[in-house]
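Take a look at the structure set out below.
Just so you know, these numbers use all the heavy atoms, side chains as well, and skip hydrogens, waters and symmetry mates.
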Amino acid sequence: MDTLCSLSGLDPLWDWNQTWYTHNPELSNCFQNTVLVWAPCIYLWVLSPFYCLHLYCHGRGRLPLSSLCSAKLVRQTLCVWQVFAVCVIHWERVRGCRSSVFLFFFWLLGVVCSLIPLHAKVQLAVDQVFYLFKHLSTFCTFWPYSVFVANLFLFFSQNACPVQDASFLSKILFWWFSGLLFKGYRSPLQAEDLWSLREEDTSEKIISDLEEEWTAERTKQENHLSTSIALGSRLPEQAQFLRKIQKEQSSGFCLLRTLARSFGPYFLTGTLCLMVHDAFMFSVPQVLSLLLGFMKDEDAPLWKGYFYASLMFLLSCLQSIFNHQYTYTCFTVGMRVKTAVMGLVYRKSLVVNSAARRTCTVGEIVNLVSADTQKLMDFVVYFNAVWLAPIEITLCLFFLWQVRHLGPSALAGIAIVIFIFPLNGFIARKRSKLQEIQMKYMDGRVKLMNEILNGIKILKFYAWEKAFLEQVLGYREKELKTLKKSQILYSVSIASFNSSSFLIAFAMFGVYVLIDDKNVLDAQKIFVSMALINILKTPLSQLPFAMSTTMQALVSLKRLGKFLCQDELKPDNVTRESFKSGERSLVDKHYCNGTFSWSKDGPPCLKRISVRVPCGSLVAVVGHVGSGKSSLLSAMLGETEKRSGAVSVKGSSAYVPQQAWIQNASLQDNILFGREKKESWYQRVLEACALLPDLDNLPAGDTTEIGEKGLNLSGGQKQRVSLARAVYRKADVYLLDDPLSAVDAHVGQHIFNKVIGPRGILRDKTRVLVTHGMSFLPQADLILVLVDGEISERGSYQELLNRNGAFADFIHTFASSERKDCFSEASQRGNITVVCVFRHLYYGDTNSITFEPLPDSDENHIQEDLGKLTKVDKARIGRVKLEMYIEYFHTIGLPLIVSIVFLYAFQQAASLSYNYWLSLWADQPVINGTQLNTDLKLGVYGALGFAQGIAIFGTTVAISLGCIIASHHLHLELLNNVLHSPMSFFESTPSGNLLNRFAKEIDAIDNMIPDGLKMMLGYFFKLMEVCIIVLMATPFAAVIILPMAFLYGFIQSFYVATSCQLRRLESVSRSPIYTHLNETVQGASVIRAFNEQSRFIMGVNHKVDHNQTAYFPRFVATRWLGVNLEFLGNGIVLAASILSVMSKGTLSPGMVGLAVSHSLQVTGFLSWIVRSWTDVENNIVSVERVKEYADTPKEAAWSIEGSSLPPSWPQKGTIEFHDYGLQYRKGLELALKGISVHIKEREKIGIVGRTGAGKSSLALGIFRILEAAKGQIYIDGINIAEIGLHDLRSRITIIPQDPVLFSGSLRMNLDPFDAYTDEEVWNALELAHLKNFVSELPDKLNHECSEGGENLSLGQRQLVCLARALLRKTKILVLDEATAALDLETDTLIQSTIRSQFEDCAVLTIAHRLNTIMDYTKVIVMDKGHIVEMDSPSNLIAKRGQFYYMCREAGLL
């Protein structure tokens, strides 16, 4: 090349004397006219074919020719050598590429190559004092620069906001996000301001790809386990157990492999960015070494100093860009992992079998999708540090070895690192075990809270809030105790890693100066070493967190994998065939000796079952409580484990469970259940299911919102809605699990006649009806009698009676006993008017509510919210108020806060002192080849460093303990606020909102706020130290630092306003996911029966995507902030370097080294301060959300201090209503009006009435679930409004219609306070006819009830509720159709028990089966909130009033 240059008459291609060893450096003319000219062209010509091929393979469709694109083409065609670039631009437009990375680098290369000739020509013009800018060659030199600038403008303006259309420069600097920040700064962001997700980030795209991978991985795992276990046929039980253990252990790694295959390639692009970042990071100390060498060399030309300063600035900027691209990639992958795991968990919850469902409660599943997914997201971000940090540490130590003869002394630093790693590895293992324990306690707490929220009505009726509060606090205390141990270990880890830079320097410098007196520490050795050691800080500080995060992620992966590998319902449990009209059978249950169980290892629930149901027939299934009636229907649905035999179902099925499952949606949506509305059929279904009268009374008709689990509907209404959902489906097979038990007798008869019976709208369908109603049996085509899981008798009603078996005996016995309750003096029958009598609900039933006239100003508002019940979880706007911080820090306590601030100030003072001491040491003159008093200098340095280490440990422990104290207080306050809230609060607040507070928000307060505070305070004090050092070295730097501080404050406030609102929006959009998950798990059997899994999966996909639309801009905002602040910090590096170069003659090398090496850290400090401050503010939102419920309405006090209430009150059980009135909400008509009645001791009162009459409102008033609007209630002469709620509710008893049990022992469900002996508990069980059942259980009273008592039948649960009442045996008992789910024989026995055991008590019964109250002292007949009749049953019948007609309709006369 030199020969070519000489032939052309030019100087050589490269000349060091011309380029480097000179005061006026410049490139040779040959280099300028060859390399700089051809480099861009070669780049374009060589790489463009590959780029065009890439566009061909990944095109997005043709783009229209816009005016901007045309301007770009015209500008570039003016230069001949850029014609090829025009072709590339055109091809990009054809293939749909808006932003060209390829051309961006082409223009950038062109500009860089043009700047040097430009500089030469400018210099020539200055030297010759002649304006050569008019020359054409200069114009051509400027041309690429102008094209580059124009392209930057065109790219950026074309693609301002969405990331898909943003230019390359906009992407790497995150300028595309600025639009949303401006919008958030001007006004608080709303959900509609957020962008929709990119297609590759949506749930549908992510999970559809992942499911295939997961299925393949699971199959591979199953095959591997099957072949690896050699025990096989010899030890089948041991082999099965071993297989289960291995499956659970390997399931987490299977999930990890699946996620890696799906998201690994994109994650690797981020890893590549991190590696490039590391290369630039290690280049900076080498440049610093050159800068310090320049400062020592008096003859070095000044331009070299500026060159080194500029090069350091450039490398720092490139380091920032690649670091944030890596972090952006990690957070994107983390977001996708979260979506994937949520989707897998949700889909799994729809298919797990019954045995697995009992081991995985709703609370645990909520924890999986909240806490565990967060651990996986953290793992994605910090995983690379696990393997890259050791490499970075090795490189640091290698470069330390290379630092000017420091050599073997670096081995001392290696020894320190070798000591630190095992210590922290041990701590990480201990913390991993502690985290497993903590998560176990957290699972228990959230699970218990979920049960409390589901059964809050029972807790309030029984005054059990304190008992369950103590249980929750027991879990919480153990959780925080474990967290405290973990945090103390973490503090040791942080102290060791944060002190590691000092320990390494102390060991290295100490060994270096002690082994030889001639070893001198100068500025270059010290501060290049310190720069490398400061780099070492990053991997050393990240490593414990990365190891901790990895350990936590492994625990979470194990938990997630265990759940995802749980046994599923087998598709072959039921053979489903399409139904062809004319076929004779729809349900075929054949194979003699068919056996079914609820789990593989459990005892069979059905034995020797063989039955065939003909097409269009009505089959009735009867039997005692626990005989297997519901299990038979479950077997037909495929919900049980098939041991032998087969089930065949022809056609579609619809299912009505024994306990109605109602969604938090409108009444209409609950009935349509995803189907299109057909008005005529819809109205027919409503009429047949007796729902039309209810619609007339609901505030917004069928568009009225129904609360979770049907909170604002009565038991009968819920069952009728559940039945209407099935009827509307027009299925071929109907499985009806005792749907008529919750409705009045005449309503049941109406539904049977209109829906189920031979003349009902389902008459042509196959119906399998579980029932306790004897009156329906004669109309059944086939009756199956179940005893202990076996069919003891079968046949038509008449056939069974003719056999004179057990069924016939029962029918005759019950019929005669029922008639004994009727009265002979009843008058002769005549034509009667059917009076529909519906049950009222416990509380808040809107069918009894009509609106009073309201002022015109409120009318529109009321109309809009008429049908609304639940309150949407709304995000607050604006920044978190200062009061919230004050309240949070107030709970920590002032002494602890003062101690924390003092320790932080002390540790940074120590750090500043030993760093300044090093600069003095470096500047000490060398005398006779040695430095004086090195031992003293080393001792002072060591003392200051060790003092800092102790202070670091003290501060981290103090912050951890303080935050744990605050977290304990906040959780306790939240728990108390929720448990003291009235029932109306739980009606209007979705359980997902509350679970979100107790799970995710409390987890953030436990873990995120302490970590954020440690980071923020640590970096803030470090930044103060750096600023002091820079100002000490170059006071003129204040001119730069102060404006940058104001700019920093502006960026911080600009960013935090948007970031905080995004955090709120993300939190708000998370609650519906938990609510939906809760609903789905509880109604999974119904969803499967109706084959609606795909619709519910689409629903959760939408909710997850909605949540991610707020999460995505949250982490992009952090990247935007990081890039901007780090560029600001790099400006301080440039300022410190330039000012040091300018002050070359006045500054010592030691002070320059101190200032520049510390200014290199400012970039990270600024970014981490705002990031950690933002994290704190974002997570303080959790405190804000937890404290939201402090201002909600509360119940009256549970107990009143100094109350004079006698311990044995009430002794008689008299109840007096004095002009009593009650209303459900303000603005509504009174539900009870002017009630005045006296109930004497030992009286038995039956309460009946039609829809909205106010029957249950009396019970609500007695228990003060609703407070009196007027009047008083006196019990034994004491006004109940003047005593504590627990004093009242604990002394009277109710047996509700919906039996609710909690997970825990059977004894705990009967006696949570341990107030009774075992003998008393067994006696209550015997009276409730449960003694035999419980005594046969392996654990007897300690038998573990699953969540909601699902491992007991509904009838058994009602008997447990009866046993509770028998155990308490108070003087007042309220029964709300407490035996609806029992068979008639058991009901008769129970009624007899109630009469005998509560003979000396006042009993109030809200009755559906009128025969149960015919021997009562009095009957109260209610209508529209008034008592219209009250007398003995015989007298009321004689009066021929409303009660008379009810008895006629029920067939009692």
* Asked: Where the side chain of Tyr734 meets the backbone of Ala726, is there a donor-acceptor pair that is under 3.5 Å apart?
  -> yes

* Would you say Lys642 has more than 12 foreign heavy atoms packed within less than 6.0 Å of its NZ? -> yes

* Mind listing the closest non-hydrogen atom pair of Phe776 and Leu740 along with its distance? => CE1-CD1, 3.3 Å

* Of the non-hydrogen atoms in Thr595 and Pro604, which two are nearest, and what is the gap between them? -> CG2-CB, 3.5 Å

* With no hydrogens and no angle check, do the side chains of Tyr655 and Ser1085 hold a donor and an acceptor under 3.5 Å apart? -> no

* Asked: Taking atom types as modelled and ignoring hydrogens, do the side chains of Glu1336 and Asn1332 form a donor-acceptor contact shorter than 3.5 angstrom?
  -> no

* Roughly how far, to the nearest 0.5 Å, is CG of Leu1352 from CG of Leu1337? -> 8.0 Å

* To do: Assess whether side chain to side chain contact (heavy atoms under 4.5 Å, CB included) is satisfied between Arg1088 and Leu569, documenting all intermediate values.
  => CA-CA 10 Å; Arg1088 287 192 291 265; Leu569 294 169; 3.1 Å; yes

* For Arg759, look at atom CZ and say whether over 12 heavy atoms of other residues, nucleotides or ligands are found less than 6.0 Å away. => no

* Asked: Does the side chain of Gln1358 come within less than 4.5 Å of Cys1361's, by heavy atoms?
  -> no

* Structure fact -> Rounded to the nearest 0.5 Å, the CZ atom of Arg608 sits from the OG atom of Ser644 at a distance of 10.0 Å

* Hey, does the side chain of Lys1331 reach the backbone of Trp1322 with a donor-acceptor pair shorter than 3.5 angstrom? -> no

* **Charged N-O contact under 4.0 Å between Lys629 and Asp738** => no

* Asked: Hey, does the side chain of Ser653 reach the backbone of Val733 with a donor-acceptor pair shorter than 3.5 angstrom?
  -> no

* To do: Ignoring hydrogens and angles, tell me if any N or O in the side chain of Arg1364 forms a donor-acceptor pair with the backbone of Asn1309 under 3.5 Å.
  => yes

* To do: Please report the shortest heavy-atom distance between Gly616 and Asp781, naming the atom on each side.
  => O-OD2, 4.4 Å

* Keeping the roles fixed (side chain from Thr1417, backbone from Ile1245), state whether a donor-acceptor pair exists under 3.5 Å. => no

* To do: Mind checking the CG-OG spacing from Leu784 to Ser627? Nearest 0.5 Å is all I need.
  => 11.0 Å

* To do: Determine yes or no for a side-chain-to-main-chain donor-acceptor pair under 3.5 angstrom, with Arg767 supplying the side chain and Ile756 the backbone.
  => yes

* Decide side chain to side chain contact (heavy atoms under 4.5 Å, CB included) for Thr766 and Asp732; before the verdict, give the C-alpha distance in whole Å, the side-chain angles of both, and the deciding distance to 0.1 Å. => CA-CA 6 Å; Thr766 302; Asp732 300 314; over 6 Å; no

* Leu777 and Leu800: CA distance, side-chain angles, deciding distance, side chain to side chain contact (heavy atoms under 4.5 Å, CB included) verdict -> CA-CA 11 Å; Leu777 299 182; Leu800 292 176; over 6 Å; no

* Answer yes or no: is there a donor N or O on one side and an acceptor on the other, between the side chain of Arg720 and the main chain of Ala690, under 3.5 Å? => yes

* Could you please spell out the steps behind the salt bridge (Lys or Arg N to Asp or Glu O under 4.0 Å) verdict for Glu641 and Lys570? => CA-CA 8 Å; Glu641 195 74 30; Lys570 297 177 181 176; 3.1 Å; yes

* Decide if atom CG of Asp788 counts as having more than 12 heavy atoms of other residues, nucleotides or ligands within a radius under 6.0 Å. => no

* Asked: What's the spacing between Ser1392 OG and Gln1397 CD if we round to 0.5 Å?
  -> 9.5 Å

* Within the side chain of Ser354, is there an N or O that forms a donor-acceptor pair under 3.5 Å with the backbone of Glu639? -> yes

* Indicate yes or no for a side-chain donor-acceptor contact from Thr1405 to the backbone of Leu1375 under 3.5 Å, with no hydrogens or angles considered. => no

* For Leu633, the option from Leu769, Thr640, Asp737 that meets side chain to side chain contact (heavy atoms under 4.5 Å, CB included) -> Asp737

* Check: Thr575 main-chain N/O paired with Lys650 side-chain donor or acceptor under 3.5 Å -> no

* Step by step, would you call Val1321 with Leu1306 a side chain to side chain contact (heavy atoms under 4.5 Å, CB included)? -> CA-CA 10 Å; Val1321 173; Leu1306 189 61; over 6 Å; no

* Asked: Out of curiosity, Leu1362 CG to Leu1367 CG, how far, rounded to the nearest 0.5 Å?
  -> 11.0 Å

* Asked: How long is the span from the CD1 atom in Ile671 to the CZ atom in Arg729, to the nearest 0.5 Å?
  -> 12.5 Å

